[in-house]
Peer 1: 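Here it is, the structure in full.
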Amino acid sequence: MAETGSALVECDATTGDMRPYSGELGGERLIATADGASMLWITPDGYALLRFRADLTPVYAPSGVDALRAGFGRYARKVRRAFPEVSRIAETYPPTNHAWRHVAEVPAESGVGRQLAAIRNLLDGRMTLPEFSRAWWHARRVAAQNGERTMDPLAWLLNEVFHLMDNYAADPEFRSPNDLSEEVIIESIRALMSSEAMR
């Protein structure tokens with residue numbers, strides 16, 4: 001488990017007493033930070049459950065809790081014959097957000113929806129590229145904080161725009177002669193939005 005400024009302890013399965021963590025992972029055990037910020041329950045049934053304070057989400061789930069839940073669901077399907085209990089647990093903790101594939105599926109109020117709205121505003125001339133850059137990064141942070149998930153082809157689109165914006169300096173003072181021009185970036189985004197994958 002990640003460091004949280006607290007020593008690791010484990011619960012004695014017989015007495016319930018807490019003792020310093022031995023470092024072993026085998027068998028059923030409950031491991032926690034002494035301050036209770038994080039707890040890991042290792043079960044004998046082929047899975048472990050992790051509980052942590054919300055402020056530790058970037059440490060344990062940088063892609064969001066839903067991404068972890070979706071991954072656990074995929075794992076449960078693979079091991080369902082050997083560990084049938086895992087499927088029941090996966091059904092108990094499903095992802096809370098749907099993973100969107102297409103632009104039309106995305107709710108406008110979501111972080112991804114705000115990213116798409118910023119793209120439309122840029123391409124319609126209602127936003128300059130520096131304004132778009134600020135709106136895009138803010139919406140991307142909101143999407144990450146919400147644990148929003150996308151799949152191809154939408155994930156591909158957002159990733160391509162990410163790479164364009166990652167190499168763009170909104171402040172002219174920080175631009176280099178080798179940077180793509182604003183016109184090239186805008187036209188690249190326009191081409192992405194009109195590509196076959198987005199239809």
Peer 1: Given side chains that start at C-beta, do those of N159 and T150 come closer than 4.5 Å, heavy atoms only?
Peer 2: no

Peer 1: From R101 CZ over to L154 CG, what is the distance, rounded to the nearest 0.5 angstrom?
Peer 2: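 So the gap between those two atoms works out to 10.5 Å.
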
Peer 1: Tell me, do I189 and I119 make a side-chain contact under 4.5 Å, heavy atoms counted?
Peer 2: yes

Peer 1: To the nearest 0.5 Å, how far apart are CD1 in I185 and CG in L129?
Peer 2: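 Here the interatomic distance stands at 5.5 Å.
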
Peer 1: Applying salt bridge (charged side-chain N to carboxylate O under 4.0 Å, His left out), can you list everything that pairs with R120, at least two apart in sequence or on another chain?
Peer 2: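 R120 satisfies salt bridge (charged side-chain N to carboxylate O under 4.0 Å, His left out) with no other residue.
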
Peer 1: Salt bridge (charged side-chain N to carboxylate O under 4.0 Å, His left out): which pairs involve residues 130-158, sequence neighbours left out?
Peer 2: none

Peer 1: Counting distance only, does the side-chain N/O of T33 pair as donor-acceptor with the main-chain N or O of S38 below 3.5 Å?
Peer 2: yes

Peer 1: Run the salt-bridge test on R88 and E91 with the 4.0 Å N-O cut-off and return the result as yes or no.
Peer 2: no

Peer 1: Only pairs under 3.5 Å count here: list side-chain donor-acceptor contacts from residues 69-78, not counting sequence neighbours, and write none if there are none.
Peer 2:
{"residue": "R69", "atom": "NH1", "partner": "P94", "partner atom": "O", "Å": "3.0"}
{"residue": "Y75", "atom": "OH", "partner": "G46", "partner atom": "O", "Å": "2.6"}
{"residue": "R77", "atom": "NH1", "partner": "G73", "partner atom": "O", "Å": "3.4"}

Peer 1: Using atom types as modelled and distance alone, determine if a side-chain donor or acceptor of D179 lies under 3.5 Å from a backbone N or O of S176.
Peer 2: yes

Peer 1: Same cluster or not: Y93 versus L68, using hydrophobic residues (I, L, V, M, F, W, Y) connected whenever any side-chain heavy atoms lie under 4.5 Å apart?
Peer 2: no

Peer 1: Does a side-chain heavy-atom distance below 4.5 Å link P153 with H102?
Peer 2: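 In contact.
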
Peer 1: Between P20 and E10, which heavy-atom pair has the shortest distance, and what is it?
Peer 2: O-OE2, 3.9 Å

Peer 1: State whether the side chain of D124 and the backbone N or O of R126 hold a donor-acceptor pair below 3.5 Å, judged by distance alone.
Peer 2: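 Absent.
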
Peer 1: Run the side chain to side chain contact (heavy atoms under 4.5 Å, CB included) check on M193 and L157 step by step: do they pass?
Peer 2: CA-CA 8 Å; M193 286 298 286; L157 167 77; 3.7 Å; yes

Peer 1: Mind jotting down which residue pairs meet the ring pair (Phe, Tyr, Trp, His ring centres under 6.0 Å) criterion with at least one end in residues 133-152? Sequence neighbours excluded, please.
Peer 2: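 Sorted pair list: F132-W136, W137-F162.
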
Peer 1: Just grab all the salt bridge (charged side-chain N to carboxylate O under 4.0 Å, His left out) pairs involving residues 181-195, residues at least two apart or on different chains.
Peer 2: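 Of all non-adjacent pairs touching residues 181-195, those that pass salt bridge (charged side-chain N to carboxylate O under 4.0 Å, His left out) are R175-E182, E187-R190.
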
Peer 1: Would you be so kind as to tabulate the donor-acceptor pairs closer than 3.5 Å made by side chains of residues 106-118, with sequence neighbours excluded?
Peer 2:
{"residue": "S110", "atom": "OG", "partner": "P107", "partner atom": "O", "Å": "2.7"}
{"residue": "S110", "atom": "OG", "partner": "G113", "partner atom": "N", "Å": "2.9"}
{"residue": "R114", "atom": "NE", "partner": "E109", "partner atom": "O", "Å": "3.4"}

Peer 1: Side chain to side chain contact (heavy atoms under 4.5 Å, CB included) between L49 and I89: does it pass, once the steps are laid out?
Peer 2: CA-CA 9 Å; L49 292 178; I89 298 299; 4.0 Å; yes

Peer 1: Between W41 and L30, is any pair of side-chain heavy atoms under 4.5 Å apart?
Peer 2: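 Contact flag for W41/L30 side chains = yes.
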
Peer 1: Can L123 be reached from W156 by stepping across I, L, V, M, F, W or Y side chains whose heavy atoms are under 4.5 Å apart?
Peer 2: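 They do share one cluster, since a chain of ILVMFWY contacts under 4.5 Å joins W156 to L123.
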
Peer 1: Would you kindly confirm whether L8 and F52 end up in one hydrophobic cluster when ILVMFWY residues are joined by side chain heavy atoms under 4.5 Å apart?
Peer 2: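 Result: yes, single cluster for both.
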
Peer 1: Of the non-hydrogen atoms in G36 and M39, which two are nearest, and what is the gap between them?
Peer 2: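 Smallest heavy-atom distance, with atoms named: O-CE, 4.1 Å.
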
Peer 1: Yes or no on side chain to side chain contact (heavy atoms under 4.5 Å, CB included) for M165 and S133, after CA distance, side-chain angles and deciding distance?
Peer 2: CA-CA 7 Å; M165 299 316 299; S133 178; 3.7 Å; yes

Peer 1: Can you name the nearest heavy-atom pair linking M127 to A135, along with the distance?
Peer 2: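 Shortest heavy-atom contact: CE-CB, 4.1 Å.
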
Peer 1: Can you tell me how far apart CG (L122) and OG1 (T128) are? Round to the nearest 0.5 Å.
Peer 2: 8.0 Å

